[in-house]
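Notes follow once the structure below has been shown.
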There are 2 protein chains.
Amino acid sequence: MTRVLVVEDDAAILRGLKDNLEAESYEVLTATDGEVGYQLIRDAAPDLVVLDLMLPKMSGYELCKKVRDEGMTTPIVMLTARGEETDRVLGLDLGADDYVTKPFSVRELLARIRALLRRTNPEPTALDELRFDDVIVDFRRYEASRGNEKIKMTRKEFGTLRLLAERAGLVVTRHDLLKEVWGHGHEPTTRTIDNHVASLRAKIEKDPSHPKRLLTVHGVGYKLDV
Amino acid sequence: MTRVLVVEDDAAILRGLKDNLEAESYEVLTATDGEVGYQLIRDAAPDLVVLDLMLPKMSGYELCKKVRDEGMTTPIVMLTARGEETDRVLGLDLGADDYVTKPFSVRELLARIRALLRRTNPEPTALDELRFDDVIVDFRRYEASRGNEKIKMTRKEFGTLRLLAERAGLVVTRHDLLKEVWGHGHEPTTRTIDNHVASLRAKIEKDPSHPKRLLTVHGVGYKLDV
DNA sequence: TCTTCTGTGACATTTCCATGACAACCTCCG
DNA sequence: CGGAGGTTGTCATGGAAATGTCACAGAAGA
């Protein structure tokens, strides 16, 4: 799921943005000052940042500049107060990708966010069906079957299998799985993944102890060969 | 029959795609250069185009851009060589709807074609009646019956059932239900939905505690299987 | 006002998930 | 070729989270 970080010290605005972004089904992280914002950009690797210009501890300027100086390319939408013409220019010069002037229309901000994401992270289309051998998995119905037998799969299993299927043939690291399937903040041990993979194998492999499809790449991760 | 145009200059790949698509019972048109491709898009109005990036006479870029500039919305799947990251972005910006990286698995391409067709030619959803077993629900009259008995249903129940019916078989999240049935701003707890579902089950299921139609997908939402 | 509908909370129940321990395995290096 | 150290497979288990169920109070409608 696409992850957006909002850095804004005004609680009311922050709340409003969070609600609206969540309603658009983004995963939303928040920070109310520049320092926490910076840490989150580094550690949580959001797909996009909405950044207020005036912030406690570290201003939007500084934050933006610092992030760019360190080579991070995370797209940034700057929020500026009306009339801060110079700020606009600065914002873009510092490496922000777009800006919106307060008071802004939420709809406009959302549109800009969408556009920016589309430009920078064209998201590979979600796969909604997987077939191999006599196994069929339908990710929109959350149904799976093998031959004539229905298979019961859990949400995490669907998520895991889906990511593997979207990168069929390529190795997916445990880290990637945690990031994509679990999302930020709810990150369990990597051992947990092994368990989910094991139970997936029990369900989709003919001989689960000698997998032919869902393969281990020792020291790296897993891959699905179809 | 669904008509697919493949524009690809490599004869072997073209042949392979044609065979596979025909095996899936698509009607297949082919072109080996951009100009012929363009004419076919215009004159034969295919339902979907598979477009190679590198082509004689007119490249995939140009073709895609030209088609979009002229206002045609024909879904396009772009074939790109691996590693052409920038091309991906360009492809999508130019208006391609999806892309597949060479060397690609035919199976994956077929899956994406199916998905894209489904996304772009969705069946119209203005559903005004739902029937299954001995239950009949008329969404225009706000009436429902089971066998000869009338069923009293509330507005929210109609709304909930209708959304589920419009996406019959697919999982609908609580979030979707809140957004569609309750609308923006008036959003109650997700628990509320469980209650409405429960009362729907009491009305339309033969054995409400072992539902056969209105099913729970643990951790995701509900779906209606008809 | 009275009735019906709706949202909420508490509780029971079901389902799922994270974790750790141990065994089996792989890889690299001696 | 064999063994040490790290990695993965497997399984059991406690606990967390999601859902079913019910009762009630406030809101909306008749």
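First the proteins, then the strands, lettered A, B, ... as listed; each starts at 1.
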- Message: Could you check whether the side chain of A:N195 and the base of D:dC11 have a donor-acceptor pair of N or O atoms closer than 3.5 Å, going by distance alone?
- Response: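 Side chain to base: pair present.
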- Quick one: A:K203 NZ to D:dT10 P, roughly how many Å, whole number?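 Atom NZ in A:K203 sits about 15 Å away from atom P in D:dT10.
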- Item | B:R114/B:T2 under side chain to side chain donor-acceptor pair (under 3.5 Å): CA gap, chis, key distance, verdict | CA-CA 11 Å; B:R114 269 195 299 273; B:T2 307; over 6 Å; no
Are any protein N/O atoms closer than 3.5 Å to N/O atoms in nucleotides 5-8 of chain D? If there are, list each pair with its distance.
{"residue": "D:dT8", "atom": "OP1", "partner": "A:R174", "partner atom": "NH1", "Å": "3.3"}
{"residue": "D:dT8", "atom": "OP1", "partner": "A:G219", "partner atom": "N", "Å": "2.8"}
{"residue": "D:dT8", "atom": "OP2", "partner": "A:R174", "partner atom": "NH1", "Å": "3.3"}
{"residue": "D:dT8", "atom": "OP2", "partner": "A:R174", "partner atom": "NH2", "Å": "3.4"}
{"residue": "D:dT8", "atom": "O5'", "partner": "A:R174", "partner atom": "NH2", "Å": "3.4"}

- Under 4.0 Å between a side-chain N or O of A:W182 and OP1 or OP2 of C:dA18?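 Yes, such a contact exists.
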- Message: Can you see if the side chain of A:T189 gets near the phosphate of C:dA18 - specifically, an N or O under 4.0 Å from OP1 or OP2?
- Response: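 For C:dA18, neither OP1 nor OP2 has a side-chain N or O of A:T189 closer than 4.0 Å.
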- Message: Using five pairs at each end of the helix from C:dT1-D:dA30 to C:dG30-D:dC1 to define an axis, what is the angle between those two axes, to 10°?
- Response: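 Terminal axis comparison yields 40°.
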Any side-chain heavy atom of [X] sitting closer than 4.5 Å to one from [Y]?
X: A:Y222; Y: A:I193; result: yes
X: A:R213; Y: A:L224; result: yes
X: A:E70; Y: A:Y38; result: yes
X: A:L109; Y: A:L17; result: yes
X: B:R15; Y: B:D19; result: yes

- Item | 5'-most by nearest nucleotide on DNA chain D - A:A198 or B:S209 |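 Final value for this comparison: A:A198.
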- Could you check whether the rings of B:Y142 and B:F158 sit parallel, tilted or perpendicular, using 30° and 60° as the cut-offs?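 Geometry flag for B:F158 against B:Y142: tilted rings.
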- Minimum heavy-atom separation for A:R174 to A:G221, with atom names?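 Between these two residues, the closest heavy atoms are NH1-CA, 3.9 Å.
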- Message: Between A:R191 and A:D194 (salt bridge meaning N to carboxylate O under 4.0 Å), is one present in this structure?
- Response: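 A salt bridge is present here (some side-chain N lies under 4.0 Å from a carboxylate O).
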- Message: Less than 4.0 angstrom from a charged side-chain N to a carboxylate O is my criterion; do A:E129 and B:R118 meet it?
- Response: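 Not counted as a salt bridge, because no side-chain N and carboxylate O are separated by less than 4.0 Å.
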- In residues 145-154 of chain B, which residues come under 4.0 Å of DNA chain D by heavy atom?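 Nothing qualifies; none.
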- Task: Between B:E157 and A:H196, just flag the one whose closest nucleotide in DNA chain C comes earlier from the 5' side.
- Result: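 Between the two, 5'-proximity favours B:E157.
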